[in-house]
Amino acid sequence: MLCRRAPPAPAMALQPISLLSLVLAWGCVASSSLWHTAVAPPQDLQITDPGLLGSLDIEWKPPPNIQTSNGCTVKYKCEYRNAGDREWKVIFTRKLKLRVGFDLSRTAEVKVQTLLKGWCTNDVEVQSEWLYATFRVPLQGKLESEVQNFHCIYHDWEYLKCTWQPGLLAPRGVNYGLYYWYEGLEHTVQCDHYIQDHGVNMGCMLQNLSQAEYKDLSICVNGSVAATLLRPLYATLRLHNLAKPSPPQQLVVSMSAAEELRVVWSPPGGQTPPQCLEYEVQLAEEQGEAKAAWASVSTQVETAFTISRANRSRVSCVRVRGRTNNFCADEGFWSEWTQECFSVSRKEVKQLFILIPVILGLSSSLLIFTLIGQCKKKSPAGKPSHTLVGC
C-alpha cells in the first residue's frame, strides 16, 4: 500500500504565523529598550562660596525630560574632594543642593551623576555619565607666610585647643586671628580666648562646641601686618576625630579567690561619653636585673581585666589608658597612662608568706616542749606536776 504525501500548506496559511512573530519580536525589542532606559546627567553644576571659611554650596539642575512617573525614582550621587586627595567623599541625595566643607587652600573638585531606578528600568539602577566642576578661591600672600604646625585636640569633649607656629616668611609684629563656623551659626565667629607667646597669638581655646559635634567645623587662621599680605590657613575639622580623654580613674588591682589578679578602673571625667571609650591595658614583666618592659595585653571596651594565675608571678606593674572607639569616631588620640603603678607580689614573696606560718608553728611547738621539760625538773621527786602555771 503506497503512502501519499500530504499536499503543502497554502502560502496564505503562513501569514498569520508571520504576523504573530513580528508582533512578539517588536514587543521584545520595545520591552528591552524600556528596561534599559538611558538617563542623562544633571545640568548646570555650580560651586559657590557663601563666605563660611570653606563650606561651599554645590548646586545643579535635573536632567532634561527625566522620567519620574510610573514608579521610577530619581536620585543623585555627588562625590567631592580637594585636589591631591586620593579618595572621594560620597553623598546620595534627592536634593539639588548641598553644602560641604573643603580646604580652600586647594582646588575643590566635584562630580555629580543621575541615578534612575524603578518600574521603567525593571528595578535595575541606571547611572548617567558624570558632570564635573572645580572651584578655587584667589589666594593672597606667599605659601611660606602661612602658619605652620597647626594642630587641634578636643579635650574630654569639653574644649578644643588649637596651636600653631608663625610662617617662615611672617614678619615680626604679625597679629594672628582664628575664625570658625559650623552649621547652625548665622555667621563666622572669632576666637575670644587666645593663647599668647610674648604678646603674639599662637593658639586658641574654643568651648561650648557640643552643637558642632559630628559636623564640619570650618576654621581659618589668618594674619595681618602693615603692607604685607599673608597666606591664610583653612581647615575642616571633625571634633569626634580629635577627641582626647583624660586618663582612666580609680585603678585598683586585687587578688581573687582563684589567686588571679583583677584590674578594675573607672571611665575618665569630663564630657567623654563612656560608651565611646576603649582601653588599652599594659603589663610590666620582670626581666631580671634589667628594667621591666611594658607589653600590651588587651584593647577592650570593658573597665576590668583579669590576669591569669599562671602569668601573675611575672607581673610587676599594671597601667591603663583610653581613647574614643570606632563606634563613635574614625580616629582619636590616646589619653595619658594612669599615673599610679600598682606593684604586684612576686612568686618569691608568695613563697615567703607561705614559709612564715610554718616557721612560727615550729617555733611555738619547740617553746612548749622546752617549758614542759623545765617544769618536770622543778617538781619534787615522785610528785607529778599538775599545772604549768608559775613554772
Side-chain angles (χ1 to χ4, degrees), residues 51-55 82 84 101-106 137-182 185 187-213 215-247 268-272 321-324 329-339:
L52 298 176
L53 310 180
S55 289
N82 277 112
F102 291 91
D103 176 0
L104 290 186
S105 62
R106 295 182 290 159
V137 297
L139 297 178
Q140 64 181 26
K142 295 183 179 180
L143 178 61
E144 292 78 7
S145 65
E146 181 182 280
V147 296
Q148 306 177 87
N149 303 324
F150 181 74
H151 183 67
C152 296
I153 296 180
Y154 193 35
H155 291 273
D156 290 320
W157 294 60
E158 290 184 344
Y159 65 93
L160 180 70
K161 181 179 179 181
C162 296
T163 57
W164 59 81
Q165 296 292 326
L168 294 176
L169 296 183
R172 291 184 178 181
V174 62
N175 183 29
Y176 290 108
L178 182 145
Y179 303 83
Y180 65 96
W181 180 89
Y182 57 85
L185 293 179
H187 51 78
T188 59
V189 181
Q190 184 178 8
C191 171
D192 59 2
H193 187 179
Y194 284 105
I195 302 170
Q196 293 189 336
D197 183 12
H198 295 90
V200 179
N201 294 339
M202 305 290 284
C204 170
M205 290 181 61
L206 300 176
Q207 295 181 318
N208 302 319
L209 292 177
S210 59
Q211 297 299 317
E213 293 172 1
K215 296 179 182 179
D216 286 338
L217 176 62
S218 300
I219 286 183
C220 173
V221 180
N222 201 357
S224 61
V225 68
T228 303
L229 293 177
L230 302 181
R231 176 74 60 90
L233 177 140
Y234 295 96
T236 300
L237 309 180
R238 283 290 184 116
L239 293 178
H240 57 281
N241 289 332
L242 300 173
K244 180 179 180 179
S246 295
Q271 300 299 319
T272 304
R321 64 178 180 175
R323 71 174 176 185
T324 308
D330 298 323
E331 55 188 342
F333 296 103
W334 282 108
S335 74
E336 302 301 324
W337 291 103
T338 48
Q339 296 298 320

- prompt: Can you name the side chain to side chain donor-acceptor pair (under 3.5 Å) partners of Tyr194, sequence neighbours left out?
  reply: Gln190
- line: side chain to side chain donor-acceptor pair (under 3.5 Å) filter on Thr236, not counting sequence neighbours, yields none
message: Nearest 0.5 angstrom please: Tyr182 OH to Ser218 OG, how far?
response: 12.0 Å
- prompt: Applying side chain to side chain donor-acceptor pair (under 3.5 Å), which residue pairs with at least one partner in residues 151-161 are found, sequence neighbours left out?
  reply: Tyr154-Glu213, Asp156-Ser246
- prompt: What distance do Leu217 atom CG and Trp181 atom CH2 have between them, rounded to the nearest 0.5 Å?
  reply: 10.0 Å
Residues forming a disulfide (SG to SG under 2.5 Å) with Cys220, sequence neighbours excluded: none
- prompt: Looking at CG of Asn222 and OH of Tyr234, how far apart are the two atoms once the value is rounded to the nearest 0.5 Å?
  reply: 7.0 Å
query: Rounded to the nearest 0.5 Å, how far apart are CG of Leu178 and CD1 of Ile195?
result: 10.5 Å
- prompt: Does Asn241 have any side chain to side chain donor-acceptor pair (under 3.5 Å) partners at least two apart in sequence or in another chain, and if so, which?
  reply: none
task: Tell me, please, which residues at least two apart from Phe102 pass ring-ring contact (aromatic ring centres under 6.0 Å, His included).
output: Tyr80
field: Pairwise distance SG(Cys162) to CD1(Ile219) - rounded to 0.5 angstrom
entry: 4.5 Å
Would you list the atom pairs, donor with acceptor, under 3.5 Å between side chains in residues 142-150 and any protein atom, with sequence neighbours excluded?
{"residue": "Ser145", "atom": "OG", "partner": "Lys142", "partner atom": "O", "Å": "2.5"}
{"residue": "Ser145", "atom": "OG", "partner": "Arg231", "partner atom": "N", "Å": "2.9"}
{"residue": "Gln148", "atom": "NE2", "partner": "Pro166", "partner atom": "O", "Å": "2.8"}

Counting only pairs under 3.5 Å, give me each side-chain donor-acceptor contact of residues 196-211, with atom names and distances, residues two or more places apart or in other chains.
{"residue": "Gln196", "atom": "NE2", "partner": "Asn201", "partner atom": "OD1", "Å": "2.9"}
{"residue": "Asn201", "atom": "ND2", "partner": "Tyr176", "partner atom": "O", "Å": "2.8"}

statement: For Ser224, the side-chain contact (heavy atoms from CB on, under 4.5 Å) test, sequence neighbours excluded, returns Asn175
- request: Give, for atom CG of Asp103 and atom CG of Leu233, the distance between the pair rounded to the nearest 0.5 Å.
  value: 7.0 Å
query: With His193, which residues qualify under ring-ring contact (aromatic ring centres under 6.0 Å, His included), at least two apart?
result: none
task: Applying side chain to side chain donor-acceptor pair (under 3.5 Å), name anything that partners Thr272, two or more places apart in sequence or on another chain.
output: none
- line: Closest non-hydrogen contact found for Leu185 with Tyr180 is CD1-CE1, 4.1 Å
message: Minimum heavy-atom separation for Val225 and Pro171, please, with both atom names.
response: CG1-CG, 3.5 Å
field: Closest heavy-atom pair and its distance - Ser105, Leu139
entry: O-CD1, 3.7 Å
query: If you look at every heavy atom in Gly322 and Pro245, which pair is closest and at what distance?
result: O-CG, 3.5 Å
- line: For residues 235-244, the salt bridge (charged side-chain N to carboxylate O under 4.0 Å, His left out) pairs (sequence neighbours left out) are Asp216-Arg238, Lys244-Glu336
